[in-house]
Amino acid sequence: MTPIMFNLLLRSLWETILMTGASGLISLVFGLPLGLALVLTNKGGIAENAWINGILGAIINGFRSVPFIILLVALIPVTRLIVGTALGTWAAIVPLAIAATPYYARIAEVSLREVDRGLIDAVRAMGGNRWTIIREVLVPEALPGIVAGFTVTLVTLIGASAMAGAIGAGGLGDLAIRYGYQRFETTVMVAVVAVLIVLVCGIQWLGDRLVERLDHR
């Protein structure tokens, strides 16, 4: 691989990390509260509300049912409105975050549902309010699952960011398409695949180690 291609590989790696990190952070900030809202408003929840739960569930399911490549194209007007352009790394963060948020919300919901109901009832019996239950029981007890789910979300985002490269988003996917596929440079394609494998394995390893530290069972 030439020095020029090596520099392109490093730049594309940074773009992929930026897309994945920024969209992952956004999905965490908005997805976790959505997951909490689904659990709290569900039947038997501490803030049971069938209407809110049904509306939130329908919106989340609606976004999750749309294939990412279609969502990517459909959100071009929204991306232009927010970022000012539909091309480039920053533009790709918008559809990536919108796709990842409902995905992570469902993962967080599953983790929060697994919290022992007895602990929640015990805190309520001692006079704990909703915020106390969320802060002291739900989130701490579900934290290993929340982190594990976030790790899975980041790995999924790496694959999605590579797909976004097909429409000029930059990153490793764009490099693989423009040079590895269109110019038949096998070395570039192999290098991109190798870097993606290392990146995914690294994120998964870090996530697993963090879950081990948080899980005291």
Side-chain angles (χ1 to χ4, degrees), residues 8-35 59-111 145-182 188-208:
L8 279 174
L9 181 65
L10 290 180
R11 188 183 72 182
S12 298
L13 173 60
W14 165 245
E15 289 172 348
T16 295
I17 292 173
L18 178 61
M19 284 188 286
T20 302
S23 56
L25 181 61
I26 293 171
S27 72
L28 177 64
V29 170
F30 291 98
L32 182 56
L34 279 175
I59 293 172
I60 289 172
N61 290 339
F63 276 99
R64 288 182 65 213
S65 65
V66 181
F68 177 69
I69 192 66
I70 296 176
L71 189 66
L72 193 65
V73 176
L75 288 173
I76 285 177
V78 177
T79 302
R80 283 204 183 103
L81 183 64
I82 296 175
V83 184
T85 179
L87 299 174
T89 302
W90 289 104
I93 291 172
V94 175
L96 283 170
I98 291 175
T101 297
Y103 176 81
Y104 180 63
R106 284 300 187 188
I107 293 179
E109 179 193 9
V110 171
S111 298
I146 289 172
V147 172
F150 185 60
T151 303
V152 173
T153 302
L154 289 178
V155 170
T156 303
L157 280 170
I158 291 175
S161 69
M163 192 184 304
I167 62 168
L172 292 168
D174 180 56
L175 181 66
I177 292 170
R178 286 194 295 119
Y179 290 90
Y181 177 69
Q182 295 177 349
V188 175
M189 184 67 79
V190 171
V192 168
V193 172
V195 170
L196 284 171
I197 290 173
V198 171
L199 186 59
V200 167
C201 290
I203 290 175
Q204 190 64 58
W205 183 86
L206 288 173
D208 290 344

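Everything numeric in this text was worked out from a predicted model, so none of it was measured.
Atom CG of residue L175 and atom CG of residue L8 lie 6.0 Å apart, to the nearest 0.5 angstrom. Taking CD1 of I203 as the start and CG of L157 as the end, the distance is 9.0 Å to the nearest 0.5 Å. Taking CG of L25 as the reference point, atom CZ of F30 lies at 9.5 Å (rounded to 0.5 Å).
Within the structure, salt bridge (charged side-chain N to carboxylate O under 4.0 Å, His left out) contacts touching residues 95-107 (residues at least two apart or in different chains) are R106-E109.
Under the rule for a side-chain contact (heavy atoms from CB on, under 4.5 Å), the partners of L196 that lie at least two apart in sequence or sit in another chain are I158, L172, V192. For V66, the side-chain contact (heavy atoms from CB on, under 4.5 Å) partners two or more places apart in sequence, or in a different chain, are I70, L71.
The heavy-atom pair separating I26 from T101 by the smallest distance is O-OG1, 4.1 Å. Across every non-hydrogen atom of L154 and T20, the tightest pair is O-CG2, 3.6 Å. What you find for F150 and S27 is that their closest heavy atoms are CE1-OG, 4.1 Å. Across all their heavy atoms, P95 and L72 have their closest contact at CG-CD1, 3.3 Å. M189 and A176 make their closest contact through CE-O, 3.5 Å (heavy atoms, listed as atom of the first residue, atom of the second, distance). Across all their heavy atoms, S161 and T16 have their closest contact at OG-CG2, 3.7 Å.
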Run the side chain to side chain contact (heavy atoms under 4.5 Å, CB included) check on I107 and T153 step by step: do they pass?
-> CA-CA 9 Å; I107 293 179; T153 302; 3.9 Å; yes

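The closest donor-acceptor contact from the side chain of S111 to the backbone of G145 lies under 3.5 Å.
Residues L34 and Y104 are not in side-chain contact: their nearest non-hydrogen atoms beyond the backbone lie 4.5 Å or more apart.
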